[in-house]
Amino acid sequence: MGIDRRKFVKVASLASLGLVAGPPVKALANEVVKEAEHGCEGCQGDYLGAPRAVHPPKEAKRLAMVVDLKTCREHPDCTACIDACHLVHNVPDYPHPKDEIKWIWKEHFEHAFPEANHQFIEEHVKHSSGLLFCNHCDNPPCVKACPTGATWKREEDGVVMMDWHRCIGCRYCIAACPYGSRSFNFREPKKYFAEQGKKPQPDFPMRMRGVVEKCTFCDERLARGLWPSCVEACPYNCLTFGDLDNPDDPVRELLHHKFTIRRKPGLGTQPEVYYIV
Amino acid sequence: MSDRGKIVIGLIIFVLIFTLPMTYNMVAKNKAVGAPELEIPPEAGKECVRSTEYMRPFHMDLLNEWRDEVVRHNDRYIEGPDGAMIEKSLSNTCLDCHSNKENFCDRCHNYLAVYPYCWDCHTTPEETAQPELVVAQQPKEEN
């Protein structure tokens, strides 16, 4: 794979920054150069991964995700999961941060895990980022706040669902969620897509101004026997998705053998997204 | 003093204005607007998901039912008119057959002055991208 102009500019600017800022940043730049040379297939753009032979668990009782941040932070430029998710769900990429809609996003380690952070934390962890999305809490505060029943916890498998038809845009759920997992549509997404000359994907409806949206663990894909799009898209297999209720499930295996943390455990929301740090 | 003349003239003017719509129609020989002409593409086949007698007055109820079953009960498939499983989807099932939304749904709704807000979010075939990127979504038999 050749090196295109955007990648070249990125690498060149990072490398020049490395010259000025000294060894730590240089090491990071080297990583990126390595990646640019070898090419990270599908780190950006329309890459959706390949559908897998094995289907996600059908009769799952407690769906959960384990994120391998150790592997993830070796590829600071990779946004494959974010791009894939936002592509299939028609999530607009507004330029202004105040309009931002996010289903998955990257956040500085100290902001993602304020409890796990301290002054002298390992240098490479300190400068890494966490991969964040809706935690699908066992005890979701957003559900309690919603006055219309537009968001609820699905009894069968523990997904915190959204019913966009019932959302009245009061934003109580946004205030209630301690993880910032919910976004409000301040603008009309269809109009923005038209302005950008972008065509929406037909598999998932868009949203409209005045409703809240968030990740639903790809409930529409699970129903079709497909993995969540982020899981499928990750080129490094950082995301493991499965049923916590089944002792033989890969997620249970990982949780059993690796040390994991969750975001803000002290709040008692019981998040179902675990991080290997 | 008698205002009789003025009152009679006023009454005549009032009656003329009041009956203007009727007299205008009689003079201009306007006919009532006929029922809208609905186009159904030949690929759609002969039958709708339910009988036409049901669909005409109750399709909005069926759509509400589908919506709640899909979103709130994760129940996404139903037997179609020819016995095959179809997805309960507004954009991907109704508009698969009724692909000419302008000449079908819109034509009837405009005639009746109904404006469903579904299309603020749901997409039409013309709007969406080419299906290259679309992941396989064959309905599964077991579902």
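These numbers come from the heavy atoms of this one structure, side chains and all, not from hydrogens, waters or symmetry mates. Treat the numbers as computed from the prediction; the structure is a model and nothing was measured. Residue numbering restarts at 1 for every chain, and letters A, B, ... go by the order of the sequence lines.
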Atom of [X], atom of [Y] and distance for their closest heavy-atom approach:
{"X": "B:T123", "Y": "A:P200", "value": "CG2-CG, 3.9 Å"}
{"X": "B:V71", "Y": "A:M162", "value": "CG1-O, 3.7 Å"}
{"X": "A:K199", "Y": "B:E126", "value": "NZ-O, 3.6 Å"}

Determine whether more than 12 heavy atoms belonging to other residues, nucleotides or ligands lie under 6.0 Å from atom [atom1] of [X].
{"X": "B:R56", "atom1": "CZ", "result": "no"}
{"X": "A:Y192", "atom1": "OH", "result": "yes"}
{"X": "B:Y115", "atom1": "OH", "result": "yes"}
{"X": "B:E37", "atom1": "CD", "result": "no"}

Next on the checklist: Using side-chain heavy atoms (C-beta onward) and a distance below 4.5 Å, is A:W164 in contact with B:R67?
Outcome noted: no
Applying a strict 4.5 Å limit to non-hydrogen atoms, the region of B:R76 in contact with chain A is side chain
Applying a strict 4.5 Å limit to non-hydrogen atoms, the region of B:S91 in contact with chain A is neither
Could you have a look at [options] and say which one has the most heavy-atom pairs with chain B under 4.5 angstrom?
{"options": "A:K198, A:R166, A:R207", "answer": "A:R166"}
{"options": "A:R154, A:K190, A:E156", "answer": "A:K190"}
{"options": "A:S229, A:P189, A:G149", "answer": "A:G149"}

[X] portion near chain B, given a 4.5 angstrom heavy-atom threshold:
{"X": "A:D219", "answer": "both"}
{"X": "A:R209", "answer": "neither"}
{"X": "A:E155", "answer": "neither"}
{"X": "A:W152", "answer": "side chain"}

d(A:E220 CD, B:S89 OG) to nearest 0.5 Å is 11.5 Å
d(A:D203 CG, B:T128 OG1) to nearest 0.5 Å is 9.5 Å
